[in-house]
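Chain A is the first sequence line, chain B the second, and so forth, proteins listed ahead of strands; every chain is numbered from 1. Atoms considered below: every heavy atom in the structure, side chains included; atoms not considered: hydrogens, waters and symmetry mates.
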Amino acid sequence: MAEGLIVPFCAEHADYLTDESRCVGAAGTISFPKTGAEVAEVLSKVRGGVTVQGARTGIVAGAVPSGGHVLNLRGMNGIGPVRVDSSTGKAWITVQPGALLLDICKAVEPEGFFFPPDPTESSASIGGMAATNASGARSYLYGPAREWISALSVVLADGDVLPIRRGETFADGRKFSLTTQKGRVIEGILPGYGIPGVKSAAGYYAADGMDIIDLFIGMEGTLGVITELELRLAKKPALAGGITIFLPSEEAAICLVGMARDSSIKPAAVEYFNPSALNLLRCIKARNPSFAGVPELPARFNTAIYLEFHKENEDELDECIMFVSDALAKLGVSDDDTWFATGSKEMERAKAFRHAVPEAVNLLVAERKKSCPSLTKLGTDMSVPDSCLEAVMAMYNTGLLESGLESVIFGHIGNNHLHVNILPACMEDYKRGRELYMLWAERVVEMGGSVSAEHGIGKIKTAFLQLMYGREGVGEMLAVKRLLDPDMRLNPGTLFER
Amino acid sequence: MKIAVCIKQVPATTEVKFDPETNTLVREGVDSQINPFDLYALEEAVRTKERLQADGEESSVTVVCMGPPQAQDALREAVALGADETILLSDRAFGGADTWATSYTLGLGLKKIEPDIVFCGMQAIDGDTGQVGPGIATHIDYAQATYVAKIESLDKKKITVKRLVENGYEVCSVKLPIVITVVKEINEPRTPSLRGKMNAKKAQITTWGAADLEAPVEKLGLSGSPTQVAKVFSPPHREGGEKSEGEPDELAEKLFGLLKELEIV
């Protein structure tokens with residue numbers, strides 16, 4: 001076993017006290033294991049709480065330690081070769097949890113494949129993506145990370161190992177039974193709640209007869225440490241195209257989303273930018289040279305919808321183009337008010353444009369923090385059923401108008417999953433924003449939605465989890481946690497308030 | 001008003017390879033793009049056309065490119081970005097041209113079009129000479145304004161431009177017809193629209209060879225080039241300088257000593 005695996009936490013480790021949530025925690029010791037065996041060794045040696053970290057790109061403080069030990073997996077970044085089944089053409093890759101999404105993409109691309117989940121932060125670690133069931137814009141067509149993970153190796157709190165392969169272990173109703181590498185049998189009952197039929201990364205996945213691997217995807221490091229993953233890969237589409245459509249109003253944007261859903265064009269992504277998101281880009285482009293690459297946005301561009309298509313031939317892509325042309329004609333919008341990206345360079349530019357909104361928000365909040373250090377942005381991550389899109393948009397707009405709070409709205413409108421970012425100017429704004437957020441969360445739950453569609457619950461949205469599943473549901477989750485981690489050592493403070 | 005733009009297709013990479021025999025760029029297997037400076041020229045041409053059309057004046061943009069048949073891709077991209085007509089000057093006789101022969105050939109093509117303004121990028125990112133724009137003006141006897149950062153005004157007879165010069169800007173008024181080479185700060189090239197891309201797909205690319213230009217063969221391509229590249233090589237890496245670390249006061253004293261030793265102070 002490696003010498004000096006567990007070391008005292010010192011000043012040089014300060015970065016490991018925080019993640020993209022900007023919350024700052026505390027820790028006594030830290031380790032950087034290289035293998036699953038070293039992870040097991042750390043877990044058996046350290047006492048007290050252990051916070052598991054990947055690339056610390058999460059924004060709900062899941063990787064922020066609350067005392068105890070920090071188990072950082074950045075050194076476990078191995079990426080195996082792409083394996084292709086020549087008879088079916090299907091492909092897989094085995095990776096360690098610290099491998100970064102961008103490195104995995106680079107490794108599989110020359111082989112003609114890609115890994116579909118695409119969170120904004122391409123430097124996310126794959127272990128973190130599995131632990132939070134990450135998704136991204138393309139999850140509209142491809143679904144979240146869950147659907148692309150075919151096997152996991154999980155080290156439990158006592159150092160025992162649980163190898164899980166999709167399709168091998170299923171719950172019996174809500175009862176489940178797991179056998180560890182050492183032969184220990186763990187039997188338990190899954191939470192009884194129903195998972196909403198929307199994009200969700202809130203709490204443990206639970207369903208009758210479910211594949212038990214899904215319990216560990218989205219568990220936010222609270223049930224065990226993922227030390228190896230097998231990923232299913234998708235064949236790279238022959239053609240990709242992205243059309244950014246600028247519309248005169250939000251109503252027109254919602255109408256276009258409805259048309260896209262009802263059509264046969266099957267977009268890979270359906271994204272949205274509201275008027276204030278476009279205005280924020282106009283402002284930041286004018287004063288920050290690092291945003292010079294954002295194309296000019298004429299004043300008539302009020303809102304925007306981005307449609308991405310992955311197709312196998314020109315005819316299929318032409319069908320999408322025809323759909324957009326017809327839709328624009330029906331909406332009375334000129335097809336000049338569009339940006340059409342094809343080819344990798346233009347697609348990268350379109351992606352940069354979409355990501356510029358959250359980057360601009362982060363910069364603005366960082367500026368405001370200088371005069372008010374306690375300020376953070378308030379970013380919602382909630383999804384609702386298709387039938388509630390108009391209602392949820394109206395709820396956001398009315399709430400924001402009445403409160404007078406500055407905000408931008410953007411994100412995955414195809415999944416009815418919009419990110420409302422409230423941009424407080426002072427702590428009073430922040431307080432009012434939080435109250436509004438809580439009110440919205442209650443209404444979203446009433447609509448049958450999820451309080452977290454892709455970011456997870458972490459340490460800062462635990463109150464929302466209770467709102468969604470009630471005290472009873474959270475209690476049932478806690479019972480599963482206690483079964484696998486009896487001393488409640490893993491990721492203390494995540495999902496469950498301490 | 002007839003507007004023309006000259007564009008060049010260049011490798012879309014910074015890792016270029018040279019053929020050691022001919023000292024020319026190896027283009028096979030390398031993705032291509034429109035020379036980035038030419039995109040600014042094209043954007044300014046399209047904006048000028050749009051301004052004129054908004055004032056009720058007829059105007060069109062014709063893009064001219066000299067290159068192999070695959071340079072059609074660059075011309076289609078130009079249509080997506082707002083060009084109306086495209087002309088590819090392509091003939092084996094044009095191969096191996098230096099800047100003199102290139103600007104001569106482009107000039108012959110432009111003479112057939114008779115534009116009032118010709119826009120070019122300030123230089124191409126592969127050759128970096130900046131000679132083709134002024135060369136064209138000379139060959140076809142047009143006025144020229146290089147390194148243009150802004151068009152101040154334009155009427156049927158003259159254009160007033162702001163030129164980027166070494167110590168600032170220079171504003172000059174010049175009679176049409178004119179060749180203008182532009183710098184990056186003149187505009188921000190647009191992103192192609194759906195309509196643009198559809199137009200590009202359907203676009204008819206006109207190809208002119210040496211016979212169409214009625215060109216004397218001895219003035220074209222390699223045989224018409226008074227210059228030849230003798231050798232292409234990567235310059236040796238510069239050795240790193242001396243590095244000092246320490247407290248600011250000590251370092252300042254050391255730096256002062258060095259400057260004195262070198263008789264700089």
Side-chain angles (χ1 to χ4, degrees), chain A residues 239-247 256 281-282 285-286 289 291-298 300-301 304-309 314-315 317-329 331 333-354 356, chain B residues 9-15 29-40 42-44 46-51 53-54 61 70-84 125 149-150 183-203:
Chain A
L239 291 169
I243 309 180
T244 310
I245 301 153
F246 294 94
L247 297 147
L256 180 59
L281 287 180
R282 288 182 181 105
K285 180 183 164 64
F291 284 78
V294 172
E296 265 177 44
L297 293 161
R300 68 178 185 281
F301 290 2
I305 293 286
Y306 172 77
L307 297 173
E308 187 167 305
F309 302 106
E314 289 279 353
D315 287 349
L317 193 58
D318 283 351
E319 194 193 330
C320 303
I321 293 164
M322 283 304 295
F323 160 78
V324 175
S325 292
D326 289 349
L328 293 185
L331 293 167
V333 174
S334 163
D335 55 6
D336 260 346
D337 289 357
T338 55
W339 297 338
F340 187 10
T342 49
S344 56
K345 205 171 161 189
E346 287 175 3
M347 291 297 284
E348 275 304 313
R349 206 173 169 205
K351 188 174 169 185
F353 176 74
R354 285 188 284 124
Chain B
Q9 194 180 39
V10 296
T13 175
T14 49
E15 290 165 16
V30 180
D31 281 344
S32 297
Q33 61 176 349
I34 295 180
N35 172 42
F37 288 111
D38 299 347
L39 289 173
Y40 296 91
L42 175 60
E43 177 65 27
E44 200 56 29
V46 175
R47 286 186 190 198
T48 305
K49 172 189 81 172
E50 287 169 350
R51 276 196 296 269
Q53 287 177 339
V61 172
Q70 59 264 34
Q72 281 204 11
D73 295 344
L75 288 168
R76 286 197 191 280
E77 196 182 331
V79 174
L81 293 165
D84 303 295
I125 57 161
K150 193 180 178 195
V183 295
K184 275 171 79 170
E185 71 174 75
I186 193 163
N187 59 44
E188 189 181 301
R190 70 192 59 195
T191 306
S193 69
L194 189 62
R195 181 184 294 177
K197 284 263 167 107
M198 292 302 95
N199 289 344
K201 218 171 170 181
K202 296 181 291 203

Q) Measuring heavy-atom distances to chain B, does A/A350 have an atom under 4.5 Å in its side chain, in its backbone, in both, or in neither? A)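 Nothing of A/A350, per the 4.5 Å heavy-atom cut-off to chain B.
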Q) Under a 4.5 Å heavy-atom cutoff, which of A/I321, A/L328, A/I243 has the most pairs with chain B? A)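 Ranked by contacts with chain B, first place is A/I321.
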For chain B and chain A, give me every donor-acceptor pair shorter than 3.5 Å, distances to one decimal.
from	atom 1	to	atom 2	distance (Å)
B/Q33	OE1	A/K345	NZ	2.6
B/E188	OE1	A/K285	NZ	2.5
B/E188	OE2	A/K285	NZ	3.2
B/E188	OE2	A/E296	N	3.1
B/P192	O	A/F340	N	2.7
B/L194	N	A/T338	OG1	2.8
B/R195	NE	A/D335	OD1	2.7
B/R195	NH1	A/D336	OD2	3.2
B/R195	NH2	A/D335	OD1	3.0
B/K197	NZ	A/F340	O	3.0
B/K197	NZ	A/T342	OG1	2.8
B/K197	NZ	A/E346	OE1	2.5
B/K201	NZ	A/E314	OE1	3.4
B/K201	NZ	A/D318	OD1	2.5
B/K201	NZ	A/D318	OD2	3.2

